[in-house]
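Worksheet for the structure shown next.
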Amino acid sequence: MNITFDPSLDEVDLFTTPRGSFDDRCDQNHHREHRHQPHHTRIIDSDHPALLGSLTPPIDCPPTKILNFSPGPTNLPPAVESAIQSRCFPAMEEKRLGSMALSHRSPEFECILKRTLAVTRQVMEIPPEYEILFTQGGGHGQFAAIPMNLCPTGSESATYVVNGTWSNRAVEEAKKYCRPHVISAMEEDGRCTSFPSLERIQSEIDPNSAFLYVCSNETVNGLELHRLLPRLACGVPLVVDASSDFTSKPIAWRESNIGVLFACASKNIGHPGVTMVVVRKDLLGRANPFTPGVFNYQTNIMADNVWNTIPTFNVDVVGIVMEWIMENGGVHSMERTSIAKSNLMYDMIGDSNGFYGTPVKAESGYRSRMNVPFCVAGGDDRLTDLFLVECWERGIVGLRTVTPFSKSIYLRASLYHGVAYEEVVVLTNFMKEFAAKHTAVEQDSAVVEQQAGVVTPTDSPLFRPAPASPLIQQALYGMDLCLSNSRDLDQINKLSSSPDTVNDPSLTWPKNLKVNQYSRVTDMFAPPPTNLGPAPPALR
């Protein structure tokens with residue numbers, strides 16, 4: 001293998017890829033055009049991968065591990081990932097099948113399912129009057145399943161506390177299956193930075209509601225209920241969307257009169273594809289007769305969780321995560337770690353003299369420990385883009401990902417179990433460095449401009465991103481892929497999930513096809529450093 005060297009480049013431009021390869025050419029061009037420009041005049045392409053939500057940093061980024069702050073799906077702790085590899089993907093000589101290949105009604109998977117249910121109940125201290133289900137359809141599926149299971153005629157009232165994006169979405173879905181009564185914390189400008197007081201909820205709830213719905217952590221808005229509401233005087237059962245904070249703190253099941261709690265796996269408890277539902281037994285048997293079997297709680301409980309083909313691998317992973325939590329001090333230890341990680345972020349933002357901001361005030365008591373929203377220099381587009389690019393070049397990703405919502409000035413650092421305390425230290429140290437550098441630059445520029453009697457226009461080309469280069473197509477043709485004509489490109493476009501209203505279907509290609517001039521091929525897994533232990537004897 002040849003090593004190319006260009007004396008005009010830094011030591012970071014030494015590549016161990018064949019001369020003339022796509023990665024070689026594009027990474028060298030990237031260094032020439034961008035890394036040697038002064039940071040205050042650097043022009044960022046509008047189709048730079050960091051600005052498109054790429055989670056794959058350049059091949060020469062310094063750390064050996066990508067630091068992933070994505071809002072989910074995201075990493076699991078390294079010890080969990082190691083256990084998944086050894087337990088779920090056995091070596092040939094072990095002569096056993098991993099959970100991905102097991103029939104959902106086999107005795108081997110029955111052992112996995114029972115173990116996962118037992119350890120989940122133990123870790124989260126779930127009382128015996130509750131059943132645990134593993135369902136599919138994600139949070140959106142439960143937005144429909146909750147009213148379908150608790151409102152038998154569809155004419156029942158249900159009270160929804162709207163304190164952010166996901167609770168608002170839940171209301172819109174519930175309108176098909178019940179009559180939602182809304183207690184909203186949304187402000188006139190559409191923001192949500194607090195939670196309705198207990199007194200307000202007590203006074204505004206419809207006492208005839210089938211349930212009271214809350215989202216305990218709003219990932220987009222950065223709002224979290226660190227403790228759930230106490231039992232209300234009217235006795236209405238509480239329904240909780242705990243998708244992004246489940247296992248990060250203890251839950252008072254009886255004291256909060258919880259009727260149903262659900263959590264998507266892909267934040268803190270596993271991989272996407274399974275949703276855990278915990279339902280109190282006395283609420284079973286109320287489903288609307290039109291409720292599909294896959295969403296009917298009683299149907300699935302009576303079938304011992306295997307009414308249909310359960311996602312066997314995903315259930316196994318949830319069990320491994322729960323074992324890891326138990327071995328690392330339990331849910332109370334997880335809460336202490338979450339507090340420490342989020343305090344690092346909020347303290348750094350508070351000490352930045354306004355360079356960074358966050359929308360939720362500390363005195364509200366509702367700042368999320370899971371998702372910390374922050375803006376750079378008041379939402380300055382140029383500095384925000386530069387911040388994202390420099391993070392990406394350091395292997396720090398996931399602070400702005402592609403969402404179905406409008407673009408916000410706020411980035412988000414998501415601090416789930418897969419993010420170690422030390423990784424938050426790396427992020428906050430970079431943020432301090434970035435703030436110090438650019439605060440000094442702005443001050444120096446202001447002095448020079450004042451002395452010269454000129455003001456640089458805010459829309460100067462010097463500070464604006466370069467015009468977008470042709471996205472995807474140009475890069476594909478330059479990669480020696482067999483795309484010699486438009487017919488070949490049309491074949492790939494068929495893989496797009498874009499609706500007809502999207503002009504450029506490449507924008508929603510599967511992620512492994514989102515290719516541009518900065519792309520590279522990576523391994524799916526880097527070998528994690530630790531191991532949770534051998535596979536359970538029943539699987540050998």
Side-chain angles (χ1 to χ4, degrees), residues 127 129-131 133 135 137 139-186 192 194-218 221 223-225 227-243 245-246 251-263 275 277-292 295-298 301 366:
E129 63 266 29
Y130 290 85
E131 296 280 2
L133 282 171
T135 68
H140 283 86
Q142 291 307 307
F143 294 166
I146 294 292
M148 282 195 288
N149 277 275
L150 301 183
C151 301
T153 68
S155 62
E156 292 82 359
S157 172
T159 298
Y160 280 72
V161 176
V162 174
N163 59 304
T165 300
W166 296 112
S167 49
N168 190 53
R169 277 206 164 191
V171 169
E172 293 304 311
E173 186 68 13
K175 290 177 181 177
K176 305 172 186 176
Y177 311 106
C178 67
R179 295 187 298 106
H181 170 69
V182 175
I183 303 173
S184 179
M186 302 292 285
C192 195
S194 188
F195 193 86
S197 66
L198 177 61
E199 292 74 22
R200 181 185 168 194
I201 293 173
Q202 292 269 31
S203 64
E204 294 186 18
I205 187 174
D206 181 349
N208 296 315
S209 293
F211 56 87
L212 171 65
Y213 184 103
V214 299
C215 178
S216 54
N217 183 68
E218 286 280 3
N221 308 83
L223 282 168
E224 182 180 356
L225 280 172
R227 289 295 181 268
L228 293 174
L229 303 173
R231 177 186 294 268
L232 301 183
C234 61
V236 173
L238 187 65
V239 170
V240 186
D241 175 359
S243 291
D245 59 341
F246 189 60
I251 292 175
W253 299 92
R254 292 167 175 157
E255 293 81 355
S256 292
N257 193 28
I258 294 176
V260 181
L261 180 146
F262 69 90
T275 300
V277 178
V278 183
V279 56
R280 205 171 62 201
K281 294 177 183 179
D282 66 297
L283 297 179
L284 297 173
R286 303 184 182 186
N288 188 304
F290 295 104
T291 303
F295 284 157
N296 190 306
Y297 298 157
Q298 185 175 38
I301 288 169
Y366 297 118

Please examine the side chains of [Y] and [X], heavy atoms only from C-beta on, and report whether any two atoms are closer than 4.5 Å.
X      : Y      : value
Glu131 : Lys281 : yes
Val239 : Leu150 : yes
Tyr297 : Ile146 : yes
Arg280 : Pro237 : yes
Leu212 : Ile201 : yes
Met148 : Phe295 : yes
Tyr160 : Cys215 : no
Val182 : Val171 : yes

Specify the closest pair of heavy atoms between [X] and [Y], including all atoms of both residues, with the distance to one decimal.
X      : Y      : answer
Cys178 : Cys151 : CB-SG, 3.7 Å
Gln298 : Gly285 : OE1-CA, 3.3 Å
Asn163 : Ala185 : CA-CB, 4.3 Å
His181 : Glu204 : NE2-O, 2.7 Å
Ala233 : Gln202 : N-OE1, 3.6 Å
Cys192 : Leu223 : O-CD1, 3.4 Å

Legend entry - Trace of the side chain to side chain contact (heavy atoms under 4.5 Å, CB included) decision for Asp206 with Ser157: CA-CA 8 Å; Asp206 181 349; Ser157 172; 2.8 Å; yes
Atom [atom1] in [X], atom [atom2] in [Y]: separation rounded to 0.5 Å?
X      : Y      : atom1 : atom2 : result
Arg179 : Lys175 : CZ    : NZ    : 13.5 Å
Ile251 : Leu261 : CD1   : CG    : 5.0 Å
His140 : Arg169 : NE2   : CZ    : 4.0 Å
Ile301 : Leu284 : CD1   : CG    : 4.5 Å

Inset, instruction - State, without any angle test, whether Glu218 and Ser167 hold a side-chain donor-acceptor pair at a distance under 3.5 Å. - result: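 Checked: Glu218/Ser167 side chains pair up, N/O donor to acceptor below 3.5 Å.
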Inset, instruction - May I ask you to check whether Asp245 and Ser216 show a side-chain donor-acceptor distance below 3.5 Å? - result: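 Per modelled atom types, Asp245 and Ser216 side chains form a pair under 3.5 Å.
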Legend entry - Qualifying residues under side-chain hydrogen bond (donor to acceptor under 3.5 Å, both in side chains), relative to Thr291, sequence neighbours excluded: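 Thr291 satisfies side-chain hydrogen bond (donor to acceptor under 3.5 Å, both in side chains) with no residue once adjacent residues are dropped.
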Legend entry - Arg286 backbone acceptor or donor facing Asn149 side chain under 3.5 Å: no
Inset, instruction - Taking Thr275 for its side chain and Ala263 for its backbone only, find out whether a donor-acceptor pair lies under 3.5 Å. - result: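 Absent.
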Inset, instruction - Using the six-membered ring wherever Trp is involved, compare the ring planes of Tyr366 and Phe195 and label them parallel, tilted or perpendicular (cut-offs 30° and 60°). - result: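 Rings of Tyr366 and Phe195: tilted, 30 to 60°.
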Inset, instruction - Describe, in one word, how the ring planes of Phe262 and Tyr213 are oriented to each other, choosing from parallel (under 30°), tilted (30 to 60°) and perpendicular (over 60°). - result: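 Phe262 and Tyr213: tilted rings.
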Inset, instruction - Might you work through the side chain to side chain contact (heavy atoms under 4.5 Å, CB included) test for Leu229 and Val214, ending with a clear yes or no? - result: CA-CA 9 Å; Leu229 303 173; Val214 299; 4.2 Å; yes
Legend entry - Tyr177/Phe143 aromatic ring centres below 6.0 Å: no
Inset, instruction - Please report the C-alpha distance between Gln142 and Asp241 in whole Å, then the side-chain angles of each, then the deciding distance to 0.1 Å, and finally whether the side chain to side chain contact (heavy atoms under 4.5 Å, CB included) criterion is met. - result: CA-CA 9 Å; Gln142 291 307 307; Asp241 175 359; over 6 Å; no
Inset, instruction - Please test Ile258 against Tyr130 for side chain to side chain contact (heavy atoms under 4.5 Å, CB included), starting from the C-alpha separation and ending with a verdict. - result: CA-CA 10 Å; Ile258 294 176; Tyr130 290 85; 4.0 Å; yes
